[in-house]
Amino acid sequence: MKRNLLVSALLLLGFVSLKCNAQVYLDPNAPVEDRVKDALSRMTVHEKVLIIHAQSGFTSAGVPRLGIRQLNMSDGPHGAREELDWNSWRPARWTNDSIVAFPSLTCLAATWNTDMSRIYGSAVSEEFAFRGKDMMLGPGVNINRVPLNGRNFEYMGEDPYLAGEMVVPYIQAVQKNGVATCIKHFFLNNQEMWRSDVNVNVSERAVEEIYLPAFEAAVKRAGTWSIMGSYNKWLDRHCCQNDSSLNSILKRRWGFDGVVVSDWGGTHSTEEAAFGGLDIEMGSAKSYNAYYLADDFEQMVKEGKVPMSILDDKAARVLRTMFRTCMNPRKIIGNIGSEAHYDACRNIGEEGIVLLKNEKSILPLQADNYRKILVVGDNATRNMSYGGGSSELKTRFDISPLDGLRKVYGDKIVYVQGYTTGRPASGSADGAGDDEQARLKTEALEAAKDADLVIFIGGMNKSRHQDCEGTDREGYELNYGQNDLITQLAKVQKNLIVVTFSGSPFATPWIKDVRAMLHCWYLGSMSGETLANVISGKVNPSGKLPVTFAKRQEDYPCFQYGPEGYPGIEKRVDDKVTHQVYYKEGIYVGYRHFNTNKVEPQFPFGFGLSYTTFRYGKASATANADGTWTVSVPVTNTGKVFGKEVVELYISDDECSVDRPAKELKGFTKLALSPGETKDATFTVTRRDLSFFDEATHAWKAEPGTFTAHVAASETDVRSTVTLELR
């Protein structure tokens, strides 16, 4: 009996001992915070340091001794980038890394459809997961302040509310699949020129009202698991190691519990990185131990110059990301190139194309009405997945606009190039010599005389000084002599349709001379089929502009203040040249400037036509018990075909103690309507929607009084108004 009791006691002690030593961090059913705490307690100082900096171009180390995997990252957000060599920018030349190129984020924003955001995030993350990627470096939500910014195509337009609403479901869908989004670039990264050192001088109010809200939505509403610092400076500190932005705003004010990742090479100091809020330092082609958060940082910890609590916080944030992604048994396997992904690509593109002009309803294009259709333009055959910098993609296939049109209109289609860009995509934006351009132009004009209709397919591409990381555009006009070519084509052919691709607005001096204009952003792998579906009328266009198209470059507010406003000026401090840019327009970015200062745009923010027509009824407003208001308006499809209409809600403060924009976007919804059908567009307006940021109290403030809710088809096309009263 005693012997049995002794054995039982020993077995019990053994069980307790095993339980005490159980590896909680490996238990997939344990809460993430328990796993983080347990793993951290088992790691040495050196192991903690190893996981907070790069071990290759796109990975950070795991903890092999504990069975914790490395983090695998990849550029996005339009698709997973092709594999590169371990620690260089050279392609690895794999044969199984081709993917679907999804439309640019400007195209997604132009859908004004949060359902499209969710579809996009789900599909693209399945491809990242299948490629073994744990973190998508994107999406981007920087504000389109400067129309010349080379990375505007990666972002979601000029308005913080629209960008925030569109990015939330995207993040939620991606992370539901066990892939982390890395929201970028935090923050004020609004130009590529001098991006590595330009210091942004901007008012507190503009920061809070314009440049932070989309990031705040990504953190507080969507719960992004990672965020990337930007190259530029704010308050004379690089944003990848900026205590004011990363610690004060992101981590303390917003409660961000994820990991802050540096942009590649965006770290400049061990001490500032240590105390400035950076968690993982990334770069490439650098000695493993030479990162600022590697050996030098470890030495500072051992010498007591950096508290252990700071190292533990950084390591805990990295571990938390690992347990959410690469150590998450519920992370999906994913797939690449499925039919569903190509469908998603096409559907997003179809809803993002914006019909800007349609004189005498020349579109949709009926094949029986035309004997010969001439297609002119380099972008008709150019693969838009290549180029652009870090968002360049290696695709399984891409359907060109020309091929898409030929599939619908057959041998009625004739093609001439019309102009050249100086290919390949990485080439100069200047194009070929004058003689070659003249020859191609003459060929196009002669061919246009013999055609019944001309479709010009041009715009921008992803070459340097176009839509491309690392460079800004050199001017607001289209390159390669396109404006002159379009003008001359219009003189010899009255039936001229212009189709443009780009991530930014541009001048359209020929707009009165053409019958129709479609703007396509970048449509991804299904580009040609997407475009053909809209031109033929198989799909009714429903996109609206997420940016303002000005008539002239100087109409944008950033150009009102000379070089100080953009691109900045050089200053010499302590024998070093620094660059300073001044956001003197404050909160008056994009349409806020155009509507308040009564500057007429070429195409306003929120504008887009349809093949059908919509009638808006009278708006009504109801005050709710919770302090919000419900604004509603009936909308009817008065045309003959099915269509989707984006209904927009803007708010203006009728009387305020500070300057405010004439009106600001505070709601939108997209209605799908059959001919004759009526649906209500309904919006909820909160006190925050009525507020401005008060620099005197450093807080949001809504002053009692009356506000006007504008229900609109675009920022300049108000269909109905209703008054809201705040007591």
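- With respect to Lys184 and Glu154, a salt bridge is recorded, a charged nitrogen being found less than 4.0 Å from a carboxylate O.
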_Evaluation steps, side-chain contact (heavy atoms from CB on, under 4.5 Å), between Tyr120 and Thr111_ = CA-CA 12 Å; Tyr120 195 131; Thr111 70; over 6 Å; no
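- Look at Glu359 and Lys512 and you find no salt bridge, because none of the NZ, NE, NH1 or NH2 atoms lies under 4.0 Å from a carboxylate O.
- Between Lys670 and Glu645 there is no salt bridge, since no side-chain N of the basic residue sits under 4.0 Å from a carboxylate O of the acidic one.
- Ring planes of Tyr556 and Tyr476: perpendicular class, angle over 60° (limits at 30 and 60°).
- Checked for salt-bridge contact, Arg81 and Glu392 miss the test: no charged N lies under 4.0 Å from a carboxylate O.
- Under the side chain to side chain donor-acceptor pair (under 3.5 Å) rule, Asn637 has a single partner from Thr612, Thr613, Thr678, which is Thr612.
- Note: Phe605 and Phe594 fail the aromatic proximity criterion, with ring centroids not under 6.0 Å apart.
- A salt bridge does not link Arg118 to Asp115: none of the charged nitrogens lies less than 4.0 Å from a carboxylate oxygen.
- A cation-pi arrangement is found for Lys462 relative to Tyr522, the charged atom lying closer than 6.0 Å to the ring centre and inside a 45° cone about the ring normal.
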**Prompt:** Going through the checks in order, is the side-chain hydrogen bond (donor to acceptor under 3.5 Å, both in side chains) test met by Asn113 and Glu351?
**Reply:** CA-CA 8 Å; Asn113 187 340; Glu351 289 211 16; 3.0 Å; yes
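- Salt-bridge annotation for Asp717 and Arg719: present, with a side-chain N of the basic residue lying under 4.0 Å from a carboxylate O of the acidic one.
- Using a 4.0 Å cut-off between charged nitrogen and carboxylate oxygen, Arg145 and Glu158 do not count as a salt-bridge pair.
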